[in-house]
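Here is the structure we will look at, set down as structure tokens.
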Amino acid sequence: MSDLQPLIEAMNDQLSAEYQAVIMYIHYAAVVVGPHRPELSGFFTREIAEETLHAQYLADKVSALGGTPTTTAKPVPHSTDAKQLLENVVAAEIEAVTAYANIIRLADEVGEVGIRVQAENFLMDESHHRDETKKILQSWR
Ligand SMILES: [Fe+2]
Ligand SMILES: [Fe+2]
């Protein structure tokens with residue numbers, strides 16, 4: 001097993017989570033109902049481009065490191081209930097933050113500084129999504 005294998009596997013696992021995020025935000029923007037639909041549909045839609053960039057970067061780097069980028073997305077839990085969708089988003093973003101923290105650690109171990117720096121940027125993106133979504137839920141009634 002090459003030194004790079006743990007990093008490749010962690011990035012590939014996060015690639016399937018980024019594909020999940022793209023599908024999740026497209027799906028949730030489409031299906032969310034209730035009085036807050038206009039804001040929430042826009043809120044979900046605005047995340048699609050960033051999650052797509054995350055996926056593109058990971059696929060490119062997995063390939064560059066000698067791996068085969070996954071074509072599988074993790075499953076997206078379906079609901080039409082706005083509060084449930086927001087809670088699903090918070091859970092997914094918390095997982096993404098944890099995953100990038102792990103990728104940062106593994107990239108450091110093999111001296112892949114560029115990947116570490118990009119993973120730090122993505123961790124910032126994911127923690128911002130998480131915190132913005134938590135704020136929406138804070139005074140939910
Ligand atoms: Fe992401
Ligand atoms: Fe995200």
Side-chain angles (χ1 to χ4, degrees), residues 2-141:
S2 102
D3 290 355
L4 294 172
Q5 205 55 38
L7 176 61
I8 291 169
E9 280 172 22
M11 290 176 80
N12 230 352
D13 192 61
Q14 184 55 21
L15 176 56
S16 61
E18 295 293 354
Y19 284 142
Q20 172 197 46
V22 172
I23 295 166
M24 178 178 75
Y25 284 122
I26 290 174
H27 185 75
Y28 288 5
V31 301
V32 63
V33 293
H36 304 296
R37 172 171 168 82
E39 292 93 330
L40 291 179
S41 185
F43 177 72
F44 294 142
T45 298
R46 283 190 296 276
E47 302 301 335
I48 297 166
E50 197 163 81
E51 305 295 9
T52 304
L53 285 176
H54 295 172
Q56 284 177 307
Y57 177 82
L58 290 171
D60 188 52
K61 286 302 171 190
V62 165
S63 171
L65 294 177
T68 303
T70 184
T71 56
T72 306
K74 294 187 179 184
V76 176
H78 169 76
S79 174
T80 59
D81 177 70
K83 185 164 186 269
Q84 184 62 55
L85 297 181
L86 290 164
E87 285 168 353
N88 293 350
V89 164
V90 170
E93 297 293 0
I94 287 171
E95 277 186 34
V97 168
T98 304
Y100 280 114
N102 188 43
I103 289 168
I104 289 164
R105 186 179 59 76
L106 292 170
D108 255 339
E109 281 179 9
V110 291
E112 286 287 345
V113 180
I115 291 173
R116 188 200 69 202
V117 170
Q118 192 60 287
E120 286 174 350
N121 289 327
F122 290 174
L123 192 152
M124 266 173 47
D125 294 340
E126 311 294 14
S127 62
H128 183 66
H129 299 168
R130 176 200 62 198
D131 294 346
E132 286 300 304
T133 312
K134 274 183 166 175
K135 283 184 180 177
I136 296 171
L137 280 166
Q138 233 167 42
S139 64
W140 196 271
R141 55 185 87 232

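Atoms within a ligand are numbered from 1 in the order they appear, just like the ligands themselves.
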* To do: Using a strict 4.0 Å threshold on nitrogen-to-oxygen distance, state whether Glu126 and Arg130 make a salt bridge.
  =>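 Salt bridge between Glu126 and Arg130, a charged N being under 4.0 Å from a carboxylate O: no.
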
* To do: Answer yes when Glu112 and Arg116 have at least one side-chain N-carboxylate O distance shorter than 4.0 Å, and no when they do not.
  =>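 Not counted as a salt bridge, because no side-chain N and carboxylate O are separated by less than 4.0 Å.
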
* Report the name of the N/O/S atom of His54 located nearest to the Fe ion (ligand 1). =>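 Closest to the Fe ion (ligand 1) among those atoms: ND1.
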
* Taking the Fe ion (ligand 1) as the reference point, name the nearest N/O/S atom of Glu18. =>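 It is OE1 of Glu18.
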
* Look at Asp125 and state whether any of its N, O or S atoms is less than 2.8 Å from the Fe ion (ligand 1). =>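 So Asp125 does not count as coordinating the Fe ion (ligand 1).
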
* Can you tell me, to 10 degrees, how wide the angle at the Fe ion (ligand 2) is between OE1 on Glu126 and OE2 on Glu51? => 130°

* Quick one: sort the Phe44 and Tyr25 rings into parallel, tilted or perpendicular, breaks at 30° and 60°. =>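 Plane angle between 30° and 60°, so tilted.
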
* May I ask you to decide if the ring planes of Phe122 and His54 are parallel, tilted or perpendicular, using 30° and 60° as cut-offs? => tilted

* Going by atom types alone, do His128 and Glu93 pair a side-chain donor with an acceptor below 3.5 Å? -> no

* Looking at the Fe ion (ligand 2), which N/O/S atom of His129 is the nearest one? ->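 Atom name of the closest N, O or S in His129: ND1.
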
